[in-house]
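Below, all heavy atoms of this structure are taken into account, side chains as well, without hydrogens, waters or symmetry copies.
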Amino acid sequence: MSSSTGLPKATSFHQVIAYRAQELPDHTWFYYPEPANAAHYRSLTFKDTDMLLDHLAAQYEKLLPIADSSTVSKTAPASIPQPPLVTATLCSSNVQLLLTGLAVQRLQHAYAHISPLNSDAGIVSLMKSVDAKVLIADNVFYERAASLAAQVEGIHIVRMIKFDPVDELKKDLKTFAYDKTKDEGSYCSAILHTSGTTSSTPKPIWHTNKSFLEGLPLVIRKTTLALGLFYHGMAGAVALMAAQMAGSMAIPLAKDCNHRTLPEVFNSLKALQNVDRLMIYPILAETILEIYGQTNGPEIEYLRRLESVEVWGGKLSSEVARALLDLGINVRTVFASTEVGLFPLRNEPTEEHWDSFVSKNDYHCKWEHIEGDQYELLINDPPVLGLNLGVPQGGVFRTNDVFEEYPSKSGKYVYIGRRDLMLIHSNGINTNPVPWENALRPLEEIEECQLVGHGRRGPGLLIELNWSKVEDEEKARATIWAAIEEYNKTVLVSSRVQHQEAMFILPRGSHLERSDKETVKRGVNIKKFEQEINQGYQNWNRAAPFAKV
């Protein structure tokens, strides 16, 4: 990297853009649809991006308050040497969101891109927990933002500067003077947050520039098409990684920036021939196999051409993964965390498990025994710190992720789910709901399902039928029960769905809630269908009293 700025390397992401603008001015960094629902791609080079960041920073400098003792965050982790002024953003355009955040960082502030999918209560809670002093909103969300800002004492509401990058670059751009030689590594760069998209509260995850920059590289190659949302980091982090690695990133040509359909994904691959990596959630991988796996059509060929299809944000079942691999699609699992960066694990597939991991080292990676061959991964002295800026050197971070060692004592581990997702039944035995749901969800009779049973006698399966495929409900019940009985053979007796009455079929018109990550909202559904679950367990108890089971 160029040393002409006076630093041996960039120490913040807006500096990375400035460095790349010197070295690779004409290299495309970001492919995007603009307007947000456009049917074709536009692109931004490093040089153009750097000029736009200066242009925006110069304008926001006049709109935002000065960082002083009354405006900096009082909740920032103590390990950040200079508490930042926290600026939150609500925006309907990904490219404007991304550039606004980096322009704010160029002003030495921290930015938090807030998901508009959060409830109003969740957004207010998030702004209070990070002690945000500014809320920037575009015209789409400004009215809502003003209402939210009124609920937080001392917050400034600012209308987002609306611009089209291509048109803006044709104008006389404003310049912004900042110290390129300043070491910003320990300063806070971004605050990501967990979903919290309904009644739950999104958890803020603080990141310093250093925590991101030292954690690279990850999965960036030439051009990565990422389907995740900027608010939670999956796409935002990839954009920053692409800058650091002198790669490129693209977002889908989608009518709704919060929801991408499969036809839109394939249209994006067709429109952008240089994409070599696709990043998707497990539910999309399952849907690709279900819709296109049998036809071996052009969609499958597009996926075969990619260097890899990376699965993020959850566990993909082995059955689906192996079926995709058999079709010639190089599907890979990526295991990381926005809270501590990359886990100290290396993917080493085995004949039994495509997603088998081994420890990279015995210093950072520790295993806490739960039961049988199940362990929670602990990270000793986390090498990259995000939320855990407060973890002291030599401290231990609990990942809350559960792995199973397979074969026993082999040193090879398979991820099975979050520890807080584990159902602990009244007999004290644990059941992991994720494998159950992955095994049953592919049935065409099932639209969605969720395993329940925390504090109960055993697992029960909450089922939303796919009524477009179901003509006879009793036949659908019989088909699903046959699949349950088959899967029962693979799990411990205590984790089996033990009776047909333990299938809780929801009435027509009822829907299991799903998050923007396309996973079930467990707590929300348990509350929403509390009556149906209670009735299901009562029916089971009458049909098979506990003493007889």
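No more than 12 heavy atoms of other residues, nucleotides or ligands lie within 6.0 Å of CG in D362, so this atom counts as exposed by the packing criterion. Surrounding CD of Q294 are at most 12 heavy atoms belonging to other residues, nucleotides or ligands under 6.0 Å away.
Salt bridge status for E301 with R304: present, with a side-chain N to carboxylate O gap under 4.0 Å. Between E473 and K475 there is no salt bridge, since no side-chain N of the basic residue sits under 4.0 Å from a carboxylate O of the acidic one. Using a 4.0 Å cut-off between a side-chain N of Lys or Arg and a carboxylate O of Asp or Glu, E299 and K270 do not qualify as a salt bridge. Under 4.0 Å is where a charged nitrogen must lie from a carboxylate oxygen, and between K489 and E486 at least one such pair does. Using a 4.0 Å cut-off between charged side-chain N and carboxylate O, R398 and E376 make a salt bridge.
Checked against the 6.0 Å centroid threshold, F504 and Y537 count as a close aromatic pair.
Checking each of I446, L512, I505 against E464 for a side-chain contact (heavy atoms from CB on, under 4.5 Å) leaves exactly one that passes, namely L512. Between N525 and the choices H511, Q450, E513, R514, the side-chain hydrogen bond (donor to acceptor under 3.5 Å, both in side chains) rule is met once, by Q450.
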Could you walk me through whether Y375 and F403 pass the ring-ring contact (aromatic ring centres under 6.0 Å, His included) check?
-> CA-CA 5 Å; Y375 300 82; F403 290 76; 9.8 Å; no
Check the pair E447 / K469 against salt bridge (Lys or Arg N to Asp or Glu O under 4.0 Å), numbers first and verdict last.
-> CA-CA 9 Å; E447 178 67 25; K469 301 286 186 179; over 6 Å; no
When you look at E530 and K528, which way does the salt bridge (Lys or Arg N to Asp or Glu O under 4.0 Å) test go after all the steps?
-> CA-CA 6 Å; E530 182 178 10; K528 180 179 179 180; over 6 Å; no
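Note that R457 lies in the cation-pi zone of W540, set by a 6.0 Å cut-off to the ring centre and a 45° limit from the axis.
Shown here for I251 and Y41, the closest heavy-atom pair between the two residues is O-OH, 2.7 Å.
Judged purely by atom type and a 3.5 angstrom limit, S410 uses its side chain to pair as donor or acceptor with the backbone of Y406.
Screening residues 447-467 for ring-ring contact (aromatic ring centres under 6.0 Å, His included), with sequence neighbours left out, gives no hits.
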